[in-house]
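All values reported here derive from a predicted model rather than from experimental measurement. For the numbers below, each heavy atom of this structure counts, side chains included, while hydrogens, waters and symmetry mates do not.
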Amino acid sequence: MLRSRHKSTTTSPRRDAGTQRTPRNTHWIRSRSMANGKGYRQTLNLPDTPFPMRGDLAKREPGWVAAWQEKRLYTQIRERCRGRLKKFVLHDGPPYANGDIHIGHAVNKILKDIIVRSKTLAGYDAPYVPGWDCHGLPIEHQIEKRYGRGLPGSEVRRLCREFAAEQIERQKRDFIRLGVLGDWDNPYLTMNYANEANEIRALARLVAAGFVVRGLKPVHWCFDCGSALAEAEIEYEERTASAIDVAFPLDPAEQARVAQAFGLAEAPQQPILAVIWTTTPWTIPANQALNVHPEYRYELVATPKGCLILAAELKDAALARYGFSASEVETLGACQGAALARVTFRHPLYDRASPVLPDTYVELATGTGIVHSAPAYGEDDFRVWIAAGFPQEAILTPVQGDGRFAPDLPEFGGLSVWEANPKIVAALEAAGALLAHAPIRHSYPHCWRHKTPTIFRATNQWFVAMDLPRPDPLRDNHPTTLRDRALAGVDATRFYPAWGKQRLHAMIANRPDWCISRQRHWGVPIPFFVHKQTGALHPRTVELMEAVAQRVEQEGIEAWFTLDPAELLGDEARDYEKVTDTLDVWFDSGTTHLHVLRGSHPELGHPAAMYLEGSDQHRGWFHSSLLTGCAIDGRPPYDALLTHGFVVDGQGRKMSKSRGNVVAPQEVCDTLGADILRLWVASTDYSGELTISKEILQRVVEVYRRLRNTLRFMLANIADFDPTREAVAPEALVDLDRWAILATATAQQQITDAYEAMEFHRVVQTMMHFASETLGAFYLDVLKDRLYTTPAQGHPRKSAQTAITHILHAFVRWMAPILPFTAEEVWEHLTGNPEESVMFHTWYELPAIPDADAVRERWHWVLDTRERVTKAIEAKREAGEIGANLEAEITLFAAGARYQALAALGRELHFPYIVSRAEVVEVATAEEERVEARKSPHGKCARCWHYEPDVGSDPAHPDLCGRCQTNLTGSGETRLWA
RNA sequence: GGGUCAGUAGCUCAGUCGGUUAGAGCACCGUCUUGAUAAGGCGGGGGUCGUAGGUUCGAAUCCUACCUGACCCA
């Protein structure tokens, strides 16, 4: 009597799920009618599953997301991980709370989620608390755009806070949609009062450690804003300016030195003049030095207007500009710029010295090769001045915040710099110092709001000093500089990929002091009181900051701005000025190791195992966190850094609205599904650029389909399998099934290694290869005959189902970090328990296989021979002799170990090659090995489609082979090998 | 202009210490199957390893320059 699979007595929980029977029943009825009365098809154990072939991800994922939130999946995972000995804290770098997420955000969060999930599966306690960066200029700009400028500071702050909160909700929704698991109900926000307070405390720690100093710094300055501008607020536009060549006379006392430098026996009779070229005449009143390149060649040229010093390379163009003909000039001598170091010239308008300070920033693109230096109004000028050892206090700053010269400046006092320009040119001409004057069009920085030209202007700012030795907590308070600590910190950090170390190291080695002050409203205050006369910080600053922090903890940053200094200082208040600067936002996120890891979310812990961000964060968060960590703790707040590249289009171009090549993550989720986007992220080598395009996504969809169908096929073949009662012990498994489990173990090792190394594209490649090659093209293909034709409850089939179940359990975990939605879907079908989650588990422990080496050796030879077999059959197929593989019979001529392995399979040798008959003949040498394929001369069994000599041997079943008779009406066949 | 990095098949990626004819999956073409079927098997075509030099008996691999692109800075 036939045994219907539907009468299976298994007690697996999923057997009770009524919905799962319907498709099988319709299937059964349809196939019966198609069997044309014979009905052999209904005697087969064909695949059957409600797991759909198509994922329909875009439609179904939102439902899964809701279900995860409903059952508080993240919290459940946290509870189950409690007590795990290994902890892995991936500290979230906070995205800026402005604008909807783009593909770069998606890449970042997906990579983090893959890591958190894979670490969880690897047995770590891996919490994940997302965060947002809330203060700062871009949000303040949004508010200015909406409500205009001129709002009171408190109003700006209130609107900014509201705006940031809205942005966070939008971004959060999109992040959750991506399947990212985390504590979304309790994220950290840098604008939470507690965090704001702790940012102030972090600053206090830096003050206490002695790293915070006040100094001048040239910044972009807009006269209309009356404020410093960030680089991001600057636009470059074409502008016409006055280009002037100005002669600086040599200090008479330096005549002999200069003559010697140029190799002259004595100084020439004519005056010696250094000629500079500039497009900003208004900076001339602030001139304090001349810069030359130490290695360039300079010449002393006699002209009708004196002996000019000019760069050799620019000499001809300059002389032509001054209208001198070749016959009028004569080169007297030459020297390198370095030879002129510290030679003093005189200011052309004022009775003041201007020394030569050589530096390599000087270029030969235009001008004279000599740069006039106004330290207050140029970055290089300022840097070279300080580097030469001159004091900041000596820097002249005649230009006021409104763009006018200070009233006490002779001749030009009270004029705006733009009004002064022509007057200064005239004055130079009157002084006989002007050699040339011409308009020039060039690219010049403008304020992005006012569209007016900006200038560089030295202003007082607060800095974190890089090179001041301070007691180091990690070295018995032996003094070290922040730069040295940070460089040592970089060396101690592990980088993925490794080149990040060099990059960060180079940046730290070369960076100037960190300017942490901003003149903005929407930021954490720098709550300092500065003495009105001396400019010194209040002696109790650290203590006062704690008092401010306590107020901010209650009322937010507004507490500082509304604070009456007398409340904290009493009578002293009249001697102190309250600083209204805010902190650079990089300080907010750069101190999360204090105000989040050890503040708002102490369950995370310090230091973090890893920070993971885009490669731009070498300059940003990696950098600022390193500095504050080294200043406070003497070490970085992380053990490892992982960097990913930026997303570019199929041609490798960056994405931009104007190019129209933007791929929005929301759109990918709504059309293809988040699992597809995640699979794209995982399959791309993120260490360089990540390319995305329609075609690339289409390839990813194909990969997904292949994985999904392979899983579906396996699920469909264990529909009636109850592993708790029917699983076959490893030693009793069919040999091929043992091999399959070993092959799975090998793949698992490669996959977990790749996760460990953070190389997710290797995970995808290995999964794909395993699904496509190991399973699809071989194991599962071979298994079909055994699964379909042997008795439903017989050992051969149960052995196969045992192996498939092990494979599924391993596979569903491999894919879970990358394809969480599909993995949970598989998990539910595999376990029948919707309350469960694959994320509650760890990597699957596959059963140990006895005599594994022999199994591997045997199947190595079977597989090695397989390619020869398929080629031999293909040749016959092309010749039109053979159609289906089962029409073929083969003879394998094999030598040595190959012969031994093939012969071991005995009568079952034909199964791995999916032919009707296979025999093996021993030959002496490998050279004699070959494969013969021919069409079987026998009849085809109507049930198993094998061509067998015994088809029809039983008159009761004229269409059946002997094997099928046994399987149908007898005790069923025995399988030991395949 | 400087720092860091990338360029291997139409696409995504391997390629160890320099050593056979540079591999895999997907896509494409052909074919078989119709018991994974909006699937699956088999076979095939497809690469000047970004370009040009150099080192070497031998270079995708090491060196130099250049081109293209990305990030950061000037």
When all nucleic acid strands are considered with a 4.0 Å heavy-atom cut-off, which category describes His618(A): base, sugar-phosphate, or nothing? nothing
Output all residues satisfying salt bridge (Lys or Arg N to Asp or Glu O under 4.0 Å) with Lys217(A), sequence neighbours left out; order by chain, then residue number. none
Rounding to an integer number of angstrom, what distance separates rC42(B) and rU56(B) when you compare their C1' atoms? 43 Å
Within this structure, what is the CZ-to-C1' distance between Phe713(A) and rA39(B), rounded to whole angstrom? 10 Å
Contact class for Trp945(A) vs. all strands (heavy atom < 4.0 Å): base, sugar-phosphate, or nothing? base
So what does Gln651(A) touch, heavy atoms closer than 4.0 Å: a base, only the sugar-phosphate, or nothing? nothing
Applying a 4.0 Å non-hydrogen cut-off, can you work out what Glu874(A) is touching in the nucleic acid: base, sugar-phosphate, or nothing? base
Rounded off to whole Å, could you give me the CG-to-C1' distance for the Asn709(A) and rG41(B) pair? 14 Å
What protein N or O atoms touch nucleotides 4-11 of chain B N or O atoms at under 3.5 angstrom, if any, and at what distances?
from, atom 1, to, atom 2, distance (Å)
rC5(B), OP1, Gln502(A), NE2, 3.1
rG10(B), O2', Glu695(A), OE2, 3.3
rC11(B), O4', Glu695(A), OE2, 3.2

Would you please enumerate the stems RNA chain B participates in, each stem being three or more consecutive Watson-Crick or G-U wobble pairs with both distances under 3.5 Å? B:1-7 with B:67-73, B:10-13 with B:23-26, B:28-32 with B:40-44, B:50-54 with B:62-66
Whether the side chain of Ser589(A) engages the backbone of Asp133(A) through a donor-acceptor N/O pair (distance < 3.5 Å, no angle test) should be reported. no
Touch class at under 4.0 angstrom, heavy-atom based, for Ala933(A) against every strand present: nothing
Let me have the donor-acceptor pairs involving side chains of residues 701-710 of chain A, under 3.5 Å, with sequence neighbours excluded, atom names and distances please.
from, atom 1, to, atom 2, distance (Å)
Tyr704(A), OH, Arg708(A), NH1, 3.0
Tyr704(A), OH, Thr822(A), OG1, 2.7
Arg706(A), NH1, Ser772(A), OG, 3.4
Arg708(A), NE, Pro52(A), O, 3.1
Arg708(A), NE, Met53(A), O, 3.3
Arg708(A), NH1, Glu825(A), OE1, 3.0
Arg708(A), NH2, Pro52(A), O, 3.0
Arg708(A), NH2, Glu825(A), OE1, 3.3
Arg708(A), NH2, Glu825(A), OE2, 2.9
Thr710(A), OG1, Arg706(A), O, 2.8

With sequence neighbours left out, the residues meeting side chain to side chain contact (heavy atoms under 4.5 Å, CB included) with His293(A) are Glu295(A), Tyr296(A), Tyr298(A), Thr360(A), Val362(A)
Short side-chain donor-acceptor distance under 3.5 Å, Asn108(A) and Glu613(A): yes
Identify whether any heavy atom of Asp781(A) sits under 4.0 Å from a base atom; if not, whether one sits that close to sugar-phosphate; answer base, sugar-phosphate or nothing. sugar-phosphate
Once salt bridge (Lys or Arg N to Asp or Glu O under 4.0 Å) is applied, do any residues pair with Asp649(A), and if so which ones, sequence neighbours excluded? none
Using a 4.0 Å heavy-atom cut-off across all strands, classify Lys871(A) as base, sugar-phosphate, or nothing. sugar-phosphate
What I want to check is whether the side chains of Tyr361(A) and Asn291(A) have a donor and an acceptor closer together than 3.5 Å. yes
So Arg54(A), base contact, sugar-phosphate only, or nothing? Heavy-atom distance under 4.0 Å. base
Is any side-chain nitrogen or oxygen of Lys654(A) closer than 4.0 Å to OP1 or OP2 of rC71(B)? yes
Tell me whether the OP1 or OP2 atom of rA36(B) has a side-chain N or O from Arg708(A) closer than 4.0 Å. no
Please check: side-chain N/O of Arg457(A) versus main-chain N/O of Val219(A), any donor-acceptor pairing under 3.5 Å? no
